Amino acid sequence: MSVLVGCRFGEYQILRHLGRGGMADVYAARHLSLHRNVAMKVLRSDVKHTDDEINRFRREAQAAARLNHPAIVQVYDIGESEGNHFITQELVEGCNLREHLQRNGPLDAEDAVEVLHRVSEALHVAHTAGVTHRDIKPENIMRADDGVIKVTDFGLARVLTTVESSTADLTRDGITLGTPRYMSPEQIQGHAVDGRSDLYSLGVTLYHLIAGRPPFDDTEALALAVKHLHETPEPIDRARGSDDIPAWMVAVVSRLLRKAPEERFASAADVLAVVEHQRRLLSDTDDTPAGDPSLDSTQVQVGGNRATVVPETAMMDGARFSGSQTTVLGTATVQLQRVTEASHIATRRRRVRVFACGILALACLFGGIGMSRRTAPTSLSERLNQTRVAQEPSIEDQYLRAMDLASASGWKAVLDYYGDDGSDYVWKASIQLARLLVSQRRNDEAQRVLDRMYREPTVPRLYRALGLAIQHEIAENRGRERESENARSQLLALIESMQQSSASDVRLLERVLPDTQKRRLRVFEYSPAAS
């Protein structure tokens, strides 16, 4: 591997060997005319390369060379000498974050925020230029001796590693786990990827650097891939074993690790908006009076929407961080959240649970990927596409996990594991799941969820009323006018009964129902002016 040391490639003199990757050796070299030291990546001679791979190597290097930002390792040149294909790039004197983790242990809060900030900047620049990294991991993030964070190998992952994005590669013997450990679910499944795949890999990377271990790990590559697709990681603060990481940072990592791309941040720019706002907030802390609510609930402009950063819930709420995807249902949720969140003043974990109890309208906000069946998969494809959510130690934790996952499988897990609990969490999860299935036009499944809820005699009237509103929508979707009118009549009778004994529940129901549904149901005297 050091055979090229001392050799001259055109204007470059190779000085020393720095390391080896799946398909390239890395050397320190000297550009003799410019008197500049560079890092040179030379495609390994012991690995056979097709013409297509060589051409792709050149194209990707050319694309990476267009990127110019202090957080990106600059690509200088592409060349070939005596059959050796190479690229030269900025030489960073320091170590990569994998090495830093091994030498110094997990990052502290300040360093973790700096990594998030700088890598998000680099990704934003690259994605804007149409370049996806495809292999964000600690090894590809450099920490210079002066502390500056830089991302390397933009766009080169497909040609500088032996790991491709197809599941076939995950079954090969001798595969290097470095890349599958940080792959996004869509990469693992061989789907087309965009910048949101890089964001998932950034989430895995941050989790590893903060907790000291990756969120998923296995000695067998296929098993590791299945975990990325179907399992939920232990909360990062619990994995770290301390609460010294800011809650908003925990929230960001959690959002980055969402399985579905549309449930993550919409772009690296959205991540930057949160980080920069939190840094401004921190810089203003000395001037903020004690008890200022801005420290507990912060509105951030993200992706064209207003997003709520609620530290005590360790999650992002409000906007979905996906541009125009925030729906009328989401608007109702944000309004209700603002009414209720001021009352939560206990410890952080207890406040999370109280918050979860109070926010019924979250049923209208989150989307998912549908209910998974419990039948054993009969093929690798089915195995990779079946979602399983691990059981949490209590129904409160299970409900919080479902909120964090924002998927149908998460809500179904609450019912599967704790369906006999009889608490509000069960009824809320039922409404969450039914609402999501209706939004996907999976009306039969939604009706079965409601029927299961109706069979329980202890279901509070508020949840029965919400169920009837969903049932009315199901009947409308099916074109069954008589059934829809029957559901409406039952709902009106139930609301009248609730007004006599529980006016607060009626007010909550009025806030939760979106305006479009009020119009169809002709309840609460809806008018545009009233909204």
Side-chain angles (χ1 to χ4, degrees), residues 1-2 4-5 12-31 34-42 61 64-65 67-77 86-126 131 133-157 160-161 176 178-179 181-182 198 201-202 204-214 249 268 272 275 279:
M1 66 178 61
S2 300
L4 296 181
V5 173
Y12 298 97
Q13 181 81 41
I14 296 181
L15 304 177
R16 64 184 184 277
H17 185 263
L18 297 177
R20 165 167 281 201
M23 292 183 69
D25 281 301
V26 186
Y27 298 89
R30 179 77 171 176
H31 192 289
L34 297 178
H35 304 289
R36 176 171 65 185
N37 288 343
V38 300
M40 176 181 285
K41 294 198 171 185
V42 183
L67 306 178
N68 187 8
H69 188 273
I72 297 175
V73 173
Q74 181 70 47
V75 173
Y76 295 138
D77 193 12
F86 65 89
I87 65 171
T88 61
Q89 60 188 42
E90 176 184 359
L91 178 63
V92 179
E93 297 292 349
C95 64
N96 66 51
L97 290 188
R98 175 73 176 206
E99 296 167 335
H100 185 273
L101 179 66
Q102 292 171 337
R103 296 171 187 171
N104 304 292
L107 300 184
D108 60 25
E110 183 177 355
D111 286 342
V113 172
E114 178 66 12
V115 170
L116 174 62
H117 192 196
R118 298 288 288 183
V119 177
S120 297
E121 285 184 327
L123 291 177
H124 174 53
V125 171
V131 177
H133 192 288
R134 306 183 188 93
D135 199 20
I136 290 291
K137 57 185 178 182
E139 293 91 323
N140 283 336
I141 304 174
M142 302 296 297
R143 182 189 180 102
D145 289 338
D146 60 0
V148 173
I149 299 297
K150 290 177 176 283
V151 183
T152 188
D153 280 358
F154 265 101
L156 298 174
L160 290 182
T161 72
T176 301
T179 293
R181 182 176 286 157
Y182 305 93
D198 285 344
S201 298
L202 173 57
V204 180
T205 296
L206 285 167
Y207 190 108
H208 192 174
L209 295 173
I210 293 172
R213 61 175 175 81
M249 181 72 167
L272 275 176
V275 177
R279 282 188 156 178

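Quick caveat, the model's predicted, so the values are computed rather than measured.
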A.B. asks: With sequence neighbours left out, what residues match Ala126 under side chain to side chain contact (heavy atoms under 4.5 Å, CB included)?
C.D. replies: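 Residues passing side chain to side chain contact (heavy atoms under 4.5 Å, CB included) with Ala126: Leu67, Val131, Phe154.
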A.B. asks: Looking only at heavy atoms, which two atoms of Ala61 and Ile87 are closest? And how far apart?
C.D. replies: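 Scanning both residues, the minimum pair turns out to be CB-CG2, 3.7 Å.
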A.B. asks: How close do Ile210 and Pro106 get, counting heavy atoms only, and between which atoms?
C.D. replies: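 Taking every non-hydrogen atom into account, O-CB, 3.3 Å.
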A.B. asks: Just jot down the side chain to side chain donor-acceptor pair (under 3.5 Å) partners of Ser120, sequence neighbours excluded, or say none.
C.D. replies: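 Once residues adjacent in sequence are excluded, Ser120 has no partner under the side chain to side chain donor-acceptor pair (under 3.5 Å) criterion.
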A.B. asks: Measure the CG-CD distance between Asn37 and Glu93 for me, rounded to the nearest 0.5 Å.
C.D. replies: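 Output value for this atom pair is 7.5 Å.
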A.B. asks: List in chain and number order the residues that pass side chain to side chain contact (heavy atoms under 4.5 Å, CB included) with Gln102, two or more places apart in sequence or in another chain; answer none if no residue qualifies.
C.D. replies: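 Here the qualifying residues are Arg98.
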A.B. asks: Looking only at non-hydrogen atoms, find the nearest pair between Ala64 and Val75 and report the distance.
C.D. replies: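 Closest heavy-atom pair between Ala64 and Val75: CB-CG2, 3.9 Å.
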A.B. asks: Hey, what do you get for CG (Leu272) to CZ (Arg279), rounding to the nearest 0.5 Å?
C.D. replies: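 Rounded to the nearest 0.5 Å, the CG-CZ separation comes to 10.0 Å.
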A.B. asks: For Val148 and Arg118, work out which heavy atoms get closest and say how close.
C.D. replies: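 Here Val148 and Arg118 meet closest at CG1-NH2, 3.7 Å.
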A.B. asks: Nearest 0.5 Å, what's the CD-OG1 distance between Glu139 and Thr205?
C.D. replies: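 One finds 8.5 Å between CD of Glu139 and OG1 of Thr205.
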A.B. asks: Do the side chain of Lys150 and the main chain of Pro70 share a donor and acceptor less than 3.5 angstrom apart?
C.D. replies: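 Here the side-chain-to-backbone pair exists.
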A.B. asks: Kindly compute the distance separating OH (Tyr12) from CZ (Phe86), expressed to the nearest 0.5 Å.
C.D. replies: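 Result: 6.0 Å between the selected atoms.
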A.B. asks: Tell me, please, which residues at least two apart from Arg213 pass salt bridge (charged side-chain N to carboxylate O under 4.0 Å, His left out).
C.D. replies: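 Salt bridge (charged side-chain N to carboxylate O under 4.0 Å, His left out) list for Arg213, sorted by chain: Glu234.
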A.B. asks: Please check: side-chain N/O of Asp77 versus main-chain N/O of Gln89, any donor-acceptor pairing under 3.5 Å?
C.D. replies: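 The answer is no, because no donor-acceptor pair under 3.5 Å joins these two groups.
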A.B. asks: Are any non-hydrogen side-chain atoms of Val204 and Ile136 less than 4.5 angstrom apart?
C.D. replies: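 No; the side chains remain at least 4.5 Å from each other.
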A.B. asks: Closest approach of Asp145 and Gly94, non-hydrogen atoms and distance?
C.D. replies: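 Looking at all heavy atoms of both residues, the shortest contact is OD1-CA, 3.2 Å.
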A.B. asks: To the nearest 0.5 Å, how far apart are CG in Leu18 and NZ in Lys41?
C.D. replies: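 The CG atom of Leu18 sits 10.0 Å away from the NZ atom of Lys41.
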A.B. asks: Do side-chain atoms of Arg36 reach the backbone of Arg30 as a donor and acceptor pair under 3.5 angstrom?
C.D. replies: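 No.
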A.B. asks: Looking only at side chains, do Tyr182 and His208 share a donor and an acceptor under 3.5 Å apart?
C.D. replies: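 Yes, side-chain donor-acceptor contact under 3.5 Å.
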A.B. asks: Is Leu206 close to Met249 at the side-chain level, that is, under 4.5 Å between some pair of heavy atoms?
C.D. replies: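 When only atoms from C-beta onward are counted, Leu206 and Met249 do touch, with a gap below 4.5 Å.
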A.B. asks: In chain order, what residues pass the side chain to side chain donor-acceptor pair (under 3.5 Å) check against Ser201, with sequence neighbours excluded?
C.D. replies: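 Side chain to side chain donor-acceptor pair (under 3.5 Å) list for Ser201, sorted by chain: empty.
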A.B. asks: Is there a side chain to side chain contact (heavy atoms under 4.5 Å, CB included) between Leu4 and Asp25? Walk through the geometry before answering.
C.D. replies: CA-CA 10 Å; Leu4 296 181; Asp25 281 301; over 6 Å; no
A.B. asks: What do the steps show when you test Leu202 against Leu116 for side chain to side chain contact (heavy atoms under 4.5 Å, CB included), and what is the final call?
C.D. replies: CA-CA 8 Å; Leu202 173 57; Leu116 174 62; 4.1 Å; yes
A.B. asks: Side chains of Leu209 and His100: does their closest heavy-atom pair fall under 4.5 Å?
C.D. replies: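 No - every pair of side-chain heavy atoms lies 4.5 Å or more apart.
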A.B. asks: Flag the pair Leu107 / Val115 as yes when at least one side-chain heavy-atom distance between them is below 4.5 Å, and no otherwise.
C.D. replies: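 Yes - at least one pair of side-chain heavy atoms lies under 4.5 Å apart.
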A.B. asks: What is the minimum heavy-atom distance between Ile72 and Glu90, and which atoms define it?
C.D. replies: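 Ile72 and Glu90 have their closest heavy atoms at O-OE1, 3.7 Å.
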A.B. asks: Which distance, rounded to the nearest 0.5 Å, do you find between the CG of Asn96 and the CD1 of Ile149?
C.D. replies: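 Reported to 0.5 Å precision, the distance equals 10.5 Å.
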A.B. asks: In chain order, what residues pass the side chain to side chain donor-acceptor pair (under 3.5 Å) check against Gln74, with sequence neighbours excluded?
C.D. replies: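 Result, side chain to side chain donor-acceptor pair (under 3.5 Å) vs Gln74: none returned.
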A.B. asks: Is it true that a side-chain atom of Asp135 and a backbone atom of Asp153 form a donor plus acceptor pair closer than 3.5 Å?
C.D. replies: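 No: the side chain of Asp135 does not pair with the backbone of Asp153.
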A.B. asks: Check whether any side-chain N or O of His133 sits under 3.5 Å from a backbone N or O of Thr152 as a donor-acceptor pair, and report yes or no.
C.D. replies: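 Looks like yes, one N/O pair under 3.5 Å.
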